[in-house]
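Here the structure comes first, spelled out in structure tokens, and everything after it is commentary.
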Amino acid sequence: MATVESVDGPIDVEELGPTLIHEHFRFRDEGAAMQWPHLYDEQDEIEKALADARGVMSHGVKTVVDPNAMTGSRDAPFSKRVADETGVQIILATGIYTYEHLPQVFLNRDEDAVADVFAHDIEQGIQGTEIKAAFLKTACDAPGMVSNVEKLHRAAARASLRTGVPIMAHSQPSSGTGLEQVRVFKEEGVDLNKVQIAHTGDTDDLDYIEKLLDTGVWIGMDRYGLDLFLPTDKRNATVLALLERGYADRMFLSQDYCSTLDWFPPEVQEALKASEVPQWSMTMLFESVIPELKERGMTDEQLETMMVDNPKRWLSA
Ligand SMILES: [Zn+2]
């Protein structure tokens with residue numbers, strides 16, 4: 001029996017059910033939150049997280065994968081509270097989310113030492129709890145594969161080789177980082193069937209996407225609602241084209257939604273939400289995207305493959 005670690009311990013992969021592969025129940029800078037807690041409303045944070053968990057469950061979702069990491073306030077007790085109060089199953093990662101900067105603590109440790117840190121979360125538990133990470137998270141964005149980012153990709157690769165867990169890599173298709181990330185993982189000897197290139201759905205460049213798919217990785221069509229990167233109609237056209245080409249068994253649908261996010265002051269955040277990402281939510285897929293994809297030819301079987309089979313296969317790859 002293949003199992004995967006959740007915030008409530010290992011679960012049989014057959015119990016995962018319909019899964020959102022990339023959502024965040026809270027995303028905030030842990031340094032700022034620790035130093036200036038008055039900037040944060042913890043009651044509001046938990047209420048919004050619980051509401052979103054209940055919202056996705058009302059659409060049949062059983063599991064949410066929350067790929068938070070260092071710098072985004074990954075918080076195992078917070079995630080467990082959301083799971084325990086709602087009944088949703090939550091899967092956590094280990095890793096460092098950065099596009100360039102690394103603190104001294106990791107600047108002065110090599111790839112293998114960083115891999116040890118990641119393996120600790122996978123084998124022992126996160127933040128002193130018994131909650132184990134089920135996969136690794138890396139990020140590469142506009143600055144490209146700079147040395148600190150490369151170090152983290154190599155560390156994640158080595159931790160994956162050591163523990164067997166898969167890797168999710170945040171990418172920026174507009175600068176083609178996905179292929180660079182694949183190159184590093186490949187150099188480290190990672191089985192590319194364990195690698196998911198997140199945010200591939202931010203582009204409608206089918207040549208780039210097929211180049212990635214040809215390497216054997218999974219792709220995240222996982223930012224529905226973030227129109228600033230790519231509007232919904234283009235995301236849908238891309239997904240439909242890839243379904244037509246037979247890639248249902250390599251794709252994930254998700255929204256990269258954050259129940260709360262501290263990137264802007266609250267009033268700016270509200271204004272931006274209304275003007276830039278009016279549809280973005282943790283349930284947008286079910287309310288508008290899936291109905292439209294179905295109307296335009298996506299079969300129930302393809303949907304089941306993307307929402308149920310692929311999460312199971314990637315998490316237990
Ligand atoms: Zn994310």
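All ligand and atom numbering here is 1-based and tracks the order in the structure.
No chain of hydrophobic side-chain contacts below 4.5 Å, direct or via other Ile, Leu, Val, Met, Phe, Trp or Tyr residues, connects Val308 to Phe135.
Ionic pairing of Arg74 and Asp66 is not present here: no N-O contact between side-chain nitrogen and carboxylate oxygen is shorter than 4.0 angstrom. Contact check on Glu270 versus Lys273 returns no salt bridge, with no Lys/Arg side-chain nitrogen under 4.0 Å from an Asp/Glu carboxylate oxygen. Between Glu187 and Arg154, at least one side-chain nitrogen of the basic residue sits less than 4.0 Å from a carboxylate oxygen of the acidic one, meeting the salt-bridge criterion.
Of the listed residues (Asp222, Asp202, Asp204), just one forms a salt bridge (Lys or Arg N to Asp or Glu O under 4.0 Å) with Arg235, and that residue is Asp202.
In this structure, His59 and Ile290 have side chains that are not in contact, with every pair of non-hydrogen atoms separated by 4.5 Å or more.
At a cut-off of 2.8 Å, measuring from the Zn ion (ligand 1), the protein N, O or S atoms that fall short of it are His22 NE2, His24 NE2, Asp256 OD1, waters left aside.
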